[in-house]
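Chain letters run A, B, ... following the sequence lines, proteins first, then strands; residues in each count from 1.
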Amino acid sequence: MFSDKLSRYAAAAIQTLFNHTLSPESLTIQRTIPAFREFGDFSLVVFPLLKISRKSPEETARIIGEQLILLPEIAQYYVVKGFLNLKLSPQAIIAALGESAEIQPAAINKAELPVVLEFSSPNTNKPLHLGHIRNNLLGYSVAAILEAAGYKVHKVNLVNDRGIHICKSMLAWTLFANNETPESAGKKGDKLVGDYYVLFDKKYKEELAHLKSEGWSEEVAASKSLLMQQARDMLLKWEARDPEILRLWKQMNGWVYAGFDETYKTMGIHFDKIYYESETYLLGREIVNEGLKEKVFFKKEDGSVWVDLSEEGLDEKLLLRADGTSVYMTQDLGTAQLRINDFGTSRLLYVVGNEQNYHFEVLKLIFKKLGRPWAGNIFHLSYGMVELPEGKMKSREGTVVDADDLMAEMKATARSMTEELGKIDDFNSEEAENLYQTVGLGALKYFILKVDPRKNMMFDPRESIDFNGNTGPFIQYTYARIKSVLRKAGVYPGLNPDSFDAGLHPREHSIIVSLSLFSTMVNQAASELNPALLANFIYELAREYNQFYHELTILKEADENKRNLRLTISYQIAQVLKSGLNLLGIEVPERM
RNA sequence: GGUCCGGUAGCUCAGUUGGAUAGAGCAGCAGCCUUCUAAGCUGCGGGUCAGGCGUUCGAGUCGCCUCCGGAUCACCA
């Protein structure tokens, strides 16, 4: 807000003084660093202007300052070396306060393409774990932020419900389960199916070991494996729509979806549309055939289909197996095309881990080779892994942090901490449960989202996620604290700008400037697809408010104008904290 | 080995796209509740920004080299 305006003013001043036209965006205007906050709110860096002014840095800053001080919004300027510090007038500050919690969507008038945002993309063999939590939270938050910035967003999920791996769990269940069901086992369906996937792997390894003990080599043993043979047969039958196999497949998937739905619900995640690979891979095969016909792809002697990307600096990539069955890439070709068919020309965003960078590079290149005009709209929002102190999580080795368990633990921690503090003894049990859920999940979500998505992050299960300091509960607490003050204040009159001619307390002045940056931060988080920017911004704001709160009295302030101002600031801060947290998928409690 | 990503305080992370004296939290120590919610606030200690060279008025940020981690290069997904 302010910085845009100041850029324009400075550009105009430079035009007047030096008869030189510069775009406002080319100027560097930054928030004044705290050490000089007393002398300015924003600073213009004048070093790049010396060629134009042909004067010393100090002199250049001074004459621009002299020009700017003529504006009513600028109260004073102060030159330090090559920095022109500008202090805003109390009237300008007060005027900004009223609209500080509003988001001005930057994309709304730019005719931006709608966004189809894929996230979650679970595999029906694997119960959701901490890695999926990061994916889901990122996807959900990025969608919310893009919408706030004025984009039309379609949230889509792609369920990986077909393929050789799915046949493995089906086979293991057929052979070893004795018709066990989630009900009979007392287990969530996704957990039950996941257990059979792990069991397949175990039995397969036993079989391999046995074969090798008979003297076969690794490769021969793999080819002689009866279990693998049966799984492959099952995939062939599945692709041939064998009724018996389809029936089993539907049954087991139904169990998994019931389990997933429960986890999504707790996480607070939902989608506008769910795609299933079982429905998209056929279109993928058509695209492969189209590419074959147009000689973009080629067939090897064994019948398998490939694309040659050596000209692009990559290698050959398989698109269809020799037996005609599909691979991952096959279905992703179909899925992308289907989304364009469903939503028209769009930006296709994929929230997928950075381990698949290569896959998406290939996907883009293939569509480019096929001449799709929208190939350039594919964007892989590649996020880093969640690592444990021992290293990467591995489903098959059981070193995963289960999503359901973790969320339950967070809630339990919130419960014990709340009980210890004893502030909500008048809550009924439903209100209390809601609070534990809100705070526990708030801690988890913030913990994940405050980290730059592109970077790997560390999670140590032995150290519980903090509730103090730079955390979700800290921000929630600040919100609840403000609400408590506002409840006690009751109704209060609006502000009279003229009553602040003498100036504002530095804390008041500074926090309003911080507040005014909210809308810019949301738009920046949207253009960078980075919720962490927003998370860290609202944390700083909450921290600043707590300092304000400790230093100044609000309700007991005798001067009515000051009391009103502080209440208004408190209200606006609460609004921003709430809306900022909501953009991260985090709820706020009215009391805690 | 090729390609890509990363390395900032004991630990976990920021660092506004090249700007001023590199910041938070946690952990440690010392204070602050008769007063608007102490899940808070204040203070102290803690740094060769992996290392080197370069570009620049100015480099944690850009370029090159080296070292160290990770991912990927599957008829797995």
Side-chain angles (χ1 to χ4, degrees), chain A residues 3 28 30-36 43 45-48 50 57 80-83 85 121 123 125-126 160 163-166 168 232 277 300 302 304 306 313-315 317-323 325 327-329 331-332 353-359 361 382 384-385 387 391-392 414 417-418 420-421 423 439 443 447 450-452 454-460 463 466-478 480-489 517 520-521 524 528 532-533 535-537 539-540 542-543 546-547 549-557 566-567 570 591-592:
Chain A
S3 55
T28 310
Q30 58 189 128
R31 186 93 193 261
T32 302
I33 60 168
F36 296 106
S43 306
V45 184
V46 301
F47 292 108
L50 302 184
V80 181
K81 292 187 278 182
F83 297 88
N85 299 303
S121 321
N123 171 327
N125 275 333
K126 295 178 182 172
N160 176 214
I164 187 73
H165 56 296
I166 305 297
K168 290 176 183 175
R232 272 194 288 262
E277 288 190 11
K300 290 196 177 173
D302 65 359
S304 55
W306 298 72
L314 305 176
D315 52 7
K317 186 82 187 169
L318 178 83
L319 300 176
L320 271 185
R321 294 193 186 96
D323 66 6
T325 58
V327 292
Y328 183 40
M329 187 59 78
Q331 69 77 24
D332 245 3
N354 60 15
E355 53 197 355
Q356 292 186 32
N357 288 354
Y358 180 74
H359 173 79
E361 212 178 315
S382 162
M385 299 289 101
E387 287 171 334
K392 216 185 144 186
M417 197 161 287
T418 306
E420 200 174 313
L421 292 168
K423 293 180 186 176
V439 173
F447 176 81
K450 75 172 175 181
V451 181
D452 186 329
R454 293 181 294 274
K455 291 189 180 173
N456 288 356
M457 65 180 290
M458 173 68 83
F459 175 78
D460 188 345
E463 294 174 23
D466 246 300
F467 282 56
N468 299 319
N470 187 357
T471 66
F474 169 81
I475 302 169
Q476 291 172 320
Y477 170 78
T478 308
R481 185 180 230 186
I482 295 172
K483 292 313 286 251
S484 169
V485 173
L486 293 175
R487 275 192 300 272
K488 289 182 178 157
L517 267 27
T520 308
M521 284 309 305
Q524 195 184 340
E528 295 181 24
L533 290 175
N536 287 297
F537 172 79
Y539 164 68
E540 289 297 334
R543 205 165 66 90
N546 279 307
Q547 293 166 346
Y549 176 93
H550 275 274
E551 197 166 323
L552 304 173
T553 56
I554 301 170
L555 295 173
K556 290 185 179 154
E557 172 55 50
R566 290 172 192 168
L567 283 168
S570 299
R591 281 180 57 194
M592 70 185 275

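Partner assigned to B:G54 is B:C62, using Watson-Crick or G-U wobble distances below 3.5 angstrom. Shown here, B:A22 forms no base pair; nothing in the strands shown gives a Watson-Crick or G-U wobble contact with both key distances under 3.5 Å. Across all strands shown, B:A30 pairs with B:U42; the Watson-Crick or G-U wobble distances both stay below 3.5 Å. Pairing of B:A14, defined by two Watson-Crick or G-U wobble distances under 3.5 Å, is not identified with any nucleotide. Remark: B:C4 base-pairs with B:G70; criterion is Watson-Crick or G-U wobble with both hydrogen-bond distances under 3.5 Å. Shown here, B:G47 forms no base pair; nothing in the strands shown gives a Watson-Crick or G-U wobble contact with both key distances under 3.5 Å.
Listed nucleotides B:C26, B:G25, B:U12 differ in distance to A:Asp466; the shortest reach to its side chain belongs to B:C26. Among B:C75, B:C57, B:U37, the nucleotide with an atom closest to any side-chain atom of A:Asp302 is B:C75. Here the side chain of A:Phe474 is nearest to one of B:G70, B:A77, B:C41, namely B:C41. Residue A:Met457 has its side chain nearest to B:C13 when only B:G19, B:C13, B:G70 are considered. Which of B:C76, B:A39, B:C41 sits closest to the side chain of A:His550 comes down to B:C41. Of the listed nucleotides (B:C4, B:A39, B:G19), B:G19 has the atom at the smallest distance from the side chain of A:Pro48. The listed nucleotides are B:A14, B:G15, B:A38; the one nearest the side chain of A:Lys423 is B:A38. Counting only heavy atoms from C-beta on, A:Tyr539 has its side chain closest to B:A24 among B:A24, B:A20, B:C13. The side chain of A:Tyr549 has B:U37 as its nearest neighbour among B:U72, B:A20, B:U37. Proximity note for A:Asn546 (side chain, C-beta onward) versus B:G15, B:U35, B:C41: the nearest is B:C41.
Taking atom CZ of residue A:Phe36 and atom P of nucleotide B:A22, one finds them 12 Å apart after rounding to whole Å. Computed from coordinates, the A:Glu551 CD to B:U42 P distance equals 9 Å when rounded to whole Å. At whole-Å resolution of the value, NZ in A:Lys168 and P in B:C76 are 8 Å apart. Separating the CG atom of A:Asn470 from the P atom of B:C26 is a distance of 9 Å, rounded to the nearest angstrom. The NZ-P distance, from A:Lys126 to B:A77, rounds to 11 Å in whole Å. The interatomic distance linking A:Ile33 (CD1) with B:U16 (P) rounds to 14 Å, in whole Å. Atom pair A:Ile475:CD1 and B:A24:C1' shows a separation of 12 Å (rounding to whole Å applied). Across the protein-nucleic acid pair, A:Asn357 atom CG and B:U3 atom C1' stand 11 Å apart, rounded to whole Å.
If you check every strand for non-hydrogen atoms under 4.0 Å, A:Asp460 touches nothing. Residue A:Thr553 is classed as a base contact, given a heavy-atom separation below 4.0 Å to a base. Contact annotation for A:Thr325: no contact, since no heavy-atom pair falls under 4.0 Å across all strands. As judged by a 4.0 angstrom heavy-atom cut-off over every strand, A:Tyr328 is placed among the base-contacting residues. Here A:Arg591 lies in heavy-atom contact (under 4.0 Å) with a base. Within the 4.0 angstrom heavy-atom criterion, no nucleotide atom of any strand lies near A:Phe447. Across all strands shown, A:Val485 has heavy atoms under 4.0 Å from sugar-phosphate atoms exclusively, and none from any base. A:Ala480 comes within 4.0 angstrom of a nucleotide base, judged by non-hydrogen atoms across all strands. Contacts of A:Phe83 with the nucleic acid, taken as non-hydrogen atoms under 4.0 Å apart, include base atoms. Across all strands, A:Ser382 comes closer than 4.0 Å to no nucleic acid atom at all (heavy-atom distances). A:Glu361 comes within 4.0 angstrom of nothing in the nucleic acid, heavy atoms only. Counting any heavy atom pair closer than 4.0 Å across all strands shown, A:Ile554 reaches a base atom.
Remark: the A:Thr478 side chain and the B:A39 base include no donor-acceptor N/O pair separated by less than 3.5 Å. Judged by distance alone, with hydrogens and angles left aside, A:Asn85 brings a side-chain donor or acceptor within reach of the base of B:A20, the pair sitting under 3.5 Å.
B:C5 and B:C57 have their P atoms separated by 29 Å, with the value rounded to a whole Å. Across the P atoms, B:C11 and B:A74 are found 36 Å apart, a figure rounded to whole Å. To the nearest whole angstrom, the two P atoms, one in B:G40 and one in B:A27, are 10 Å apart. Nucleotides B:G31 and B:G52, compared at atom P, are 42 Å apart to the nearest Å. Annotation: B:A50 and B:U61 have their P atoms spaced 8 Å apart (nearest Å). Rounded to a whole angstrom, the distance from the C1' atom of B:U72 to that of B:C53 is 30 Å. Nucleotides B:A22 and B:C76 have their C1' atoms positioned 45 Å apart, rounded to a whole Å.
Base orientation at B:C49 is anti, since its O4'-C1' glycosidic dihedral falls outside 90° of 0. For B:U17, the O4'-C1' to base torsion is within 90° of 0; the nucleotide is therefore syn.
Stacking between A:Phe47 and the base of B:G19 is present: ring centres sit under 5.5 Å apart and the planes differ by under 30 degrees.
For A:Arg454 and A:Asp452, the salt-bridge test passes: some basic side-chain N is under 4.0 Å from an acidic carboxylate O.
Nearer to the 5' terminus of RNA chain B, by closest-nucleotide assignment, is the contact made by A:Arg454 (compared with the other of A:Arg454 and A:Leu552). Across the interface with RNA chain B, nearest-nucleotide mapping of A:Arg321 and A:Thr418 shows A:Thr418 to be the residue nearer the 5′ end.
Note on ring orientation: taking the six-membered ring where Trp is involved, the planes of A:Tyr328 and A:His359 are parallel (angle under 30°, cut-offs 30° and 60°).
Side-chain N/O atoms of A:Arg481 include one lying less than 4.0 angstrom from OP1 or OP2 on B:A38. Note on A:Gln30: every side-chain N or O is 4.0 Å or more away from OP1 and OP2 of B:G19. Distances shorter than 4.0 Å separate some side-chain N or O of A:Lys455 from OP1 or OP2 on B:G7. Taking only side-chain nitrogens and oxygens, A:Lys488 comes nearer than 4.0 Å to OP1 or OP2 of B:U37. OP1 or OP2 of B:A39 sits under 4.0 Å from a side-chain N or O of A:Tyr477. Between A:Asn468 and the phosphate of B:G25, there is no side-chain N or O to OP1/OP2 separation shorter than 4.0 Å.
One side chain, A:Gln524 or A:Glu528, offers a donor N or O that lies under 3.5 Å from an acceptor on the other. One side chain, A:Asn357 or A:Ser382, offers a donor N or O that lies under 3.5 Å from an acceptor on the other.
A:Leu567 CG to A:Leu555 CG: the interatomic distance, rounded to the nearest 0.5 Å, is 6.0 Å.
Taking each heavy atom of A:Ala542 and A:Phe474 in turn, the nearest pair found is CB-CE2, 3.6 Å. Residues A:Leu318 and A:Leu320 come closest through the heavy atom pair CD1-O, 3.2 Å.
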